[in-house]
Amino acid sequence: RSACGKDTAQNVARDPVARVSYAVPWSARWGLWRAGRPRKERPMLVVTSNDIPGWEIRQVCGEVFGLTVRSRNAFSQMGAGFKSLVGGELRGMTSNLINSRNEVMGRMIDEARNRGANAVIAMRFDTSEMGGNWTEICAYGTAVVAVPVTDAARETAARLGYSQSG
């Protein structure tokens, strides 16, 4: 548990340990499932910051990314057009975007693991339109080997399943 209590979005800005531990559970969700079967993988810390408070970056493994290109469903586009007239959330589009982001995060995490990294720093999403009917979604960052160096970071690492070896 972080010094400020429960690791929630409200507490993230106040506590650097919470910032790290809040980022991990989301990114860890994807890698546990592939081809419908659960699998055990070593944890991957993914943060949007350029460093990880309480951790030392021992090795930079390079830039990693995950990419997908999605085509638009004409019927869902028409439904979204009608929905935009009256307002409200476009749930089908939101669901598609969430699935796409999870897919590209998983691909980025796999690439980082293949390079021997245990963390990705400076993670970003990027999207672009291609040809009017396709959308490219990309997650990218810098794969690194990071080691906890403070007591708080070591406690977070143990809670998240990182081995204590550096």
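Below, each value reflects all heavy atoms present in this structure, side chains not excepted, and no hydrogens, waters or symmetry copies.
Scored by the side-chain hydrogen bond (donor to acceptor under 3.5 Å, both in side chains) test, D151 finds R154 as partners (sequence neighbours excluded).
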For residues 136-148, tabulate all N or O donor-acceptor pairs below 3.5 Å that involve a side-chain atom, not counting sequence neighbours.
unit_1: E136; atom_1: OE1; unit_2: S128; atom_2: OG; d: 2.7

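When all heavy atoms of E111 and E63 are compared, the closest pair comes out as OE2-O, 3.8 Å. Taking both residues in full, the closest heavy atoms of A112 and V120 are given as CB-CG2, 3.8 Å, listed atom of the first, atom of the second, then distance. Of all non-hydrogen atoms in D51 and P53, the two that sit nearest each other are O-CD, 3.9 Å. In this structure, E56 and V149 approach most closely via the heavy-atom pair CB-CG1, 3.6 Å. Pairing each heavy atom of N118 with each of M44, the nearest pair is C-SD, 3.4 Å. When every heavy atom of N50 is checked against every heavy atom of A122, the shortest pair comes out as OD1-CB, 3.4 Å.
In terms of hydrophobic clustering, with Ile, Leu, Val, Met, Phe, Trp and Tyr side chains grouped at heavy-atom distances under 4.5 Å, L45 and V60 are assigned to a common cluster.
Side-chain atoms of R70 never come within 3.5 Å of backbone atoms of T135 as a donor-acceptor pair (strictly under, hydrogens ignored). Judged by distance alone, with hydrogens and angles left aside, the side-chain atoms of R107 form no donor-acceptor pair with the main-chain N or O of F65 at under 3.5 Å.
From S100, atom OG reaches atom CE of M105 across 13.5 Å, with rounding to the nearest 0.5 Å. Within the model, atoms CZ of R113 and SG of C61 stand 13.0 Å from one another, a figure rounded to the nearest 0.5 Å. Rounding to the nearest 0.5 Å gives a distance of 12.0 Å between CG of N102 and OG1 of T68. If you take CD1 on I109 and CG on N114, they are separated by 12.0 Å, rounding to the nearest 0.5 Å.
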Before you tell me yes or no, could you show the steps for V47 and I121 under side chain to side chain contact (heavy atoms under 4.5 Å, CB included), namely the whole-Å CA-CA distance, both residues' side-chain angles and the distance that decides it to 0.1 Å?
CA-CA 5 Å; V47 296; I121 59 172; 3.9 Å; yes

